[in-house]
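A quick write-up on the structure given underneath.
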Amino acid sequence: MLPSWVPGAAAGLVSLHLLQKLLFPYFWDDLRYLLKVLMYGLRVEMYRLQGKVVTVLDKFVKLAEKQPHKPFLIYEGKVHTYQDVDRRSNRVAQVFLRHGALKKGDTVALLMGNEPDFIHVWFGLAKLGCVVAFLNFNVRSRSLLHCVSSCEPKILVVGADLLGTLEEILPNLQKDVSVWIMTKDSRFPSVHTLLDKIETASEDPVPVNQRSANNLKSSVLYIFTSGTTGATCVLKKKFSASQFWNDCKKYNVTVIQYIGELCRYLCSQPLKEGEKNHKVRLAVGNGVRNDVWREFLNRFGAVKICEFYGATEGNICFMNHTGKIGSVGRTNFFYKLFFPFDLIKYDFQKDEPIRNKYGWCEKVKKGEVGLLISKVNAKNPFFGYAGNKRHTEKKLLCEVFKKGDLYFNTGDLMVQDHENFLYFWDRIGDTFRWKGENVATTEVSDVIVMLDFIQEANVYGVSVPDHEGKAGMASLILKQSTSLDLEQMYKQVVTYLPSYACPLFLRVQEKMEMTGTFKQQKFRLVDEGFNPSTITDPLYFLDSSKKAYVLLTKEVHEMILSGKMKL
């Protein structure tokens with residue numbers, strides 16, 4: 001017979017469980033997630049105390065010894081094992097050790113697309129202790145030159161399919177930068193070839209003490225674009241929505257990475273039988289809209305979507321570990337203890353945080369839109385931007401809530417609901433996202449004002465129904481006694497800007513509106529969008545099928561909204 005206290009204890013436990021479900025429904029999910037974060041933090045701290053730093057390269061080399069024949073990269077049907085990648089990266093290291101005059105700590109810029117040799121060159125240079133700068137291969141001309149100069153490389157390595165981009169910048173490239181191309185011969189004077197030398201180089205590993213990471217503050221990478229590494233990776237030159245699920249089935253893919261537009265592209269494909277017949281269990285990424293999220297789950301099966309928020313240079317990140325549709329993550333008392341952040345009130349007209357009469361910023365209430373800021377301290381440092389002290393200083397907010405405090409300004413507006421879920425709202429300042437890429441408005445403006453008939457250009461992003469992110473739009477002021485040359489405008493933007501940064505809409509105004517602090521006024525222009533029924537200024541649209549800017553009529557506007565006109 002059970003003791004008399006057992007039923008009472010059981011009833012108490014059941015009541016406690018029901019109370020937890022009612023008042024703290026995400027308690028166990030939060031606890032599991034927090035424990036994982038703490039475990040990673042403790043591991044890093046242990047390495048620090050032992051004077052060890054484990055990099056991606058260290059992890060790879062260890063796995064290459066443990067599982068040499070396991071596939072590491074699968075590219076266009078060809079399998080590259082851990083051993084293959086290790087040996088070819090050794091060859092790259094030997095080439096630069098012999099010919100490159102590189103020393104530990106030197107920076108090498110890498111301008112290559114999606115191909116195995118990107119990894120081989122990266123790992124080979126890392127084995128020499130070099131800091132590798134990943135350049136965005138979509139960026140061209142002046143913007144690319146700026147990226148190269150800001151990281152101050154000794155060498156620039158360029159992929160075989162990007163020689164046209166190299167040709168554009170070569171005359172203006174710093175003379176002390178040695179250029180190497182991934183070919184066997186070169187048509188450029190003073191440019192070295194790499195592919196021929198790799199094929200004849202030794203596979204012997206270079207000494208381990210060549211590697212550069214001595215502590216957690218050592219520079220290892222400069223990143224001008226986003227990316228990911230891990231386990232066996234299936235790589236393609238370009239994304240194909242029509243072949244995506246076939247490739248997932250063919251290679252038994254279990255985890256995929258996405259940006260919001262990728263999920264929308266997949267959902268826009270014609271329905272096919274067996275779309276749920278795959279092994280993908282997890283999708284990790286950011287930027288997926290709520291409606292696309294739901295459709296993706298309904299159409300492609302029980303794939304856990306793990307939406308996250310973060311930035312390479314930032315000191316705060318969130319991850320949606322519960323699967324709540326639309327959210328980028330959750331916070332709670334314990335999370336804020338380790339990663340202190342706040343959402344503060346923002347003045348959209350002045351384009352700056354609101355400060356009260358005492359000079360302090362104010363936090364928003366739950367459910368209100370606020371600017372995300374993250375406290376900068378020893379455990380959550382902000383290292384800034386390479387070669388750009390002014391931009392680094394601009395990202396810091398001082399004296400926010402009290403004297404002496406310091407916060408990182410993410411530049412992102414977010415909302416925290418009453419269940420402590422966080423939702424991305426919008427981006428402020430001089431950038432917006434389109435086609436999954438960041439567009440810097442100042443870079444686009446700089447390209448446009450190079451035209452001799454443009455006095456001033458104000459670039460911003462506008463919302464387009466059923467599209468993730470914001471499409472580029474430029475408000476133009478023409479010089480006196482000139483007219484808008486649409487042919488020259490089209491040629492200028494497609495020549496000097498990546499396709500995702502070319503403004504889809506143009507608006508010609510008589511004068512530029514300014515804020516009280518003499519900045520270009522963007523918010524009213526953003527709100528007005530590109531509707532010819534409500535805007536009296538001349539409007540134009542970049543029609544990719546005609547390869548030209550055309551007049552934005554009511555009919556064209558309707559076709560864009562209905563999806564008949566592709567953006």
Side-chain angles (χ1 to χ4, degrees), residues 138 238-242 244 259-272 287-296 299 426-427 432-439 441 444 447-448 454 457-476 478 483-495 497-509 522-567:
N138 288 306
K238 289 186 177 180
F239 169 73
S240 170
S242 61
F244 184 84
I259 53 175
E261 286 295 277
L262 185 147
C263 295
R264 185 175 70 81
Y265 294 152
L266 293 176
C267 290
S268 298
Q269 287 293 298
L271 286 166
K272 292 180 183 177
V288 62
R289 294 200 319 263
N290 292 12
D291 57 333
V292 174
W293 192 323
R294 290 189 179 91
E295 186 179 351
F296 189 91
R299 185 166 165 180
D426 203 355
R427 181 160 286 175
F432 60 87
R433 284 184 75 80
W434 179 247
K435 302 286 186 182
E437 299 279 358
N438 285 330
V439 179
T441 60
V444 180
V447 167
I448 293 175
I454 298 294
N458 186 0
V459 178
Y460 49 97
V462 292
S463 298
V464 183
D466 299 320
H467 285 75
E468 179 63 34
K470 292 190 173 183
M473 187 165 183
S475 170
L476 308 175
L478 303 179
S483 59
L484 179 61
D485 188 330
L486 292 175
E487 188 177 337
Q488 276 292 100
M489 175 65 73
Y490 176 81
K491 185 178 178 181
Q492 179 78 356
V493 298
V494 298
T495 301
L497 292 171
S499 58
Y500 60 81
C502 295
L504 291 183
F505 306 103
L506 303 177
R507 176 176 179 172
V508 181
Q509 293 188 292
K522 296 179 188 282
F523 290 103
R524 190 178 68 80
L525 295 171
V526 170
D527 289 339
E528 290 178 354
F530 56 96
N531 188 349
S533 298
T534 57
I535 298 172
T536 56
D537 297 323
L539 296 174
Y540 302 92
F541 168 66
L542 198 162
D543 189 333
S544 56
S545 63
K546 295 180 179 178
K547 295 185 176 179
Y549 279 106
V550 299
L551 192 66
L552 180 53
T553 62
K554 293 179 182 178
E555 291 75 22
V556 172
H557 182 255
E558 283 298 320
M559 290 175 70
I560 293 171
L561 296 188
S562 64
K564 293 178 182 177
M565 185 79 77
K566 299 294 182 185
L567 302 185

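Reckoned from all heavy atoms, side chains included, excluding hydrogens, waters and symmetry mates.
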To the closest 0.5 Å, what do you measure between [atom1] ([X]) and [atom2] ([Y])?
{"X": "Lys554", "Y": "Leu539", "atom1": "NZ", "atom2": "CG", "result": "12.0 Å"}
{"X": "Asp291", "Y": "Asp466", "atom1": "CG", "atom2": "CG", "result": "7.0 Å"}
{"X": "Leu262", "Y": "Cys267", "atom1": "CG", "atom2": "SG", "result": "9.5 Å"}
{"X": "Met559", "Y": "Met565", "atom1": "CE", "atom2": "CE", "result": "4.0 Å"}

Looking at side-chain heavy atoms only, is the closest gap between [X] and [Y] below 4.5 Å?
{"X": "Met489", "Y": "Leu484", "result": "yes"}
{"X": "Cys502", "Y": "Tyr490", "result": "no"}
{"X": "Tyr549", "Y": "Asp543", "result": "no"}
{"X": "Leu497", "Y": "Gln492", "result": "no"}
{"X": "Tyr540", "Y": "Val508", "result": "yes"}
{"X": "Ile454", "Y": "Leu478", "result": "yes"}
{"X": "Ile259", "Y": "Glu437", "result": "no"}

Considering all heavy atoms of both residues, which atom of [X] and which atom of [Y] are nearest to each other, and what is their separation?
{"X": "Leu552", "Y": "Pro532", "result": "O-CB, 3.6 Å"}
{"X": "Leu266", "Y": "Phe244", "result": "CD2-CB, 3.6 Å"}
{"X": "Val493", "Y": "Pro503", "result": "CG1-CD, 4.0 Å"}
{"X": "Leu567", "Y": "Lys435", "result": "O-NZ, 2.9 Å"}
{"X": "Ile535", "Y": "Gly529", "result": "CD1-O, 3.3 Å"}
{"X": "Ile448", "Y": "Val459", "result": "CD1-CG2, 4.3 Å"}

Under the ring pair (Phe, Tyr, Trp, His ring centres under 6.0 Å) rule, collect the residues that match up with [X], sequence neighbours excluded.
{"X": "Phe530", "result": "Phe505, His557"}
{"X": "Trp434", "result": "His467"}
{"X": "Phe296", "result": "Phe300"}

Discussion item. When you measure from the side chain of Glu468 to the backbone of Arg264, do you find a donor-acceptor pair of N or O atoms at a distance under 3.5 Å?
Written reply: no
Fill in: Residues in side-chain hydrogen bond (donor to acceptor under 3.5 Å, both in side chains) contact with Ser544, at least two apart in sequence or another chain
none
Response to the item:
Hits for side-chain hydrogen bond (donor to acceptor under 3.5 Å, both in side chains) against Arg507, two or more places apart or cross-chain, chain-then-number order -> Glu528, Asp537
Discussion item. Walk me through whether Gln269 and Arg299 qualify under side chain to side chain contact (heavy atoms under 4.5 Å, CB included).
Written reply: CA-CA 11 Å; Gln269 287 293 298; Arg299 185 166 165 180; 4.1 Å; yes
Fill in: Full working for side chain to side chain contact (heavy atoms under 4.5 Å, CB included) between Lys470 and Val462
CA-CA 5 Å; Lys470 292 190 173 183; Val462 292; 5.8 Å; no
Worksheet item: Stepwise, does the side chain to side chain contact (heavy atoms under 4.5 Å, CB included) test hold for Gln509 with Leu525?
Response: CA-CA 11 Å; Gln509 293 188 292; Leu525 295 171; 3.9 Å; yes
Worksheet item: Residues in side-chain contact (heavy atoms from CB on, under 4.5 Å) with Thr495, at least two apart?
Response: Lys491
Item to complete: Just do the side chain to side chain contact (heavy atoms under 4.5 Å, CB included) check on Met473 and Leu506 with the steps written out, would you?
Response: CA-CA 6 Å; Met473 187 165 183; Leu506 303 177; over 6 Å; no
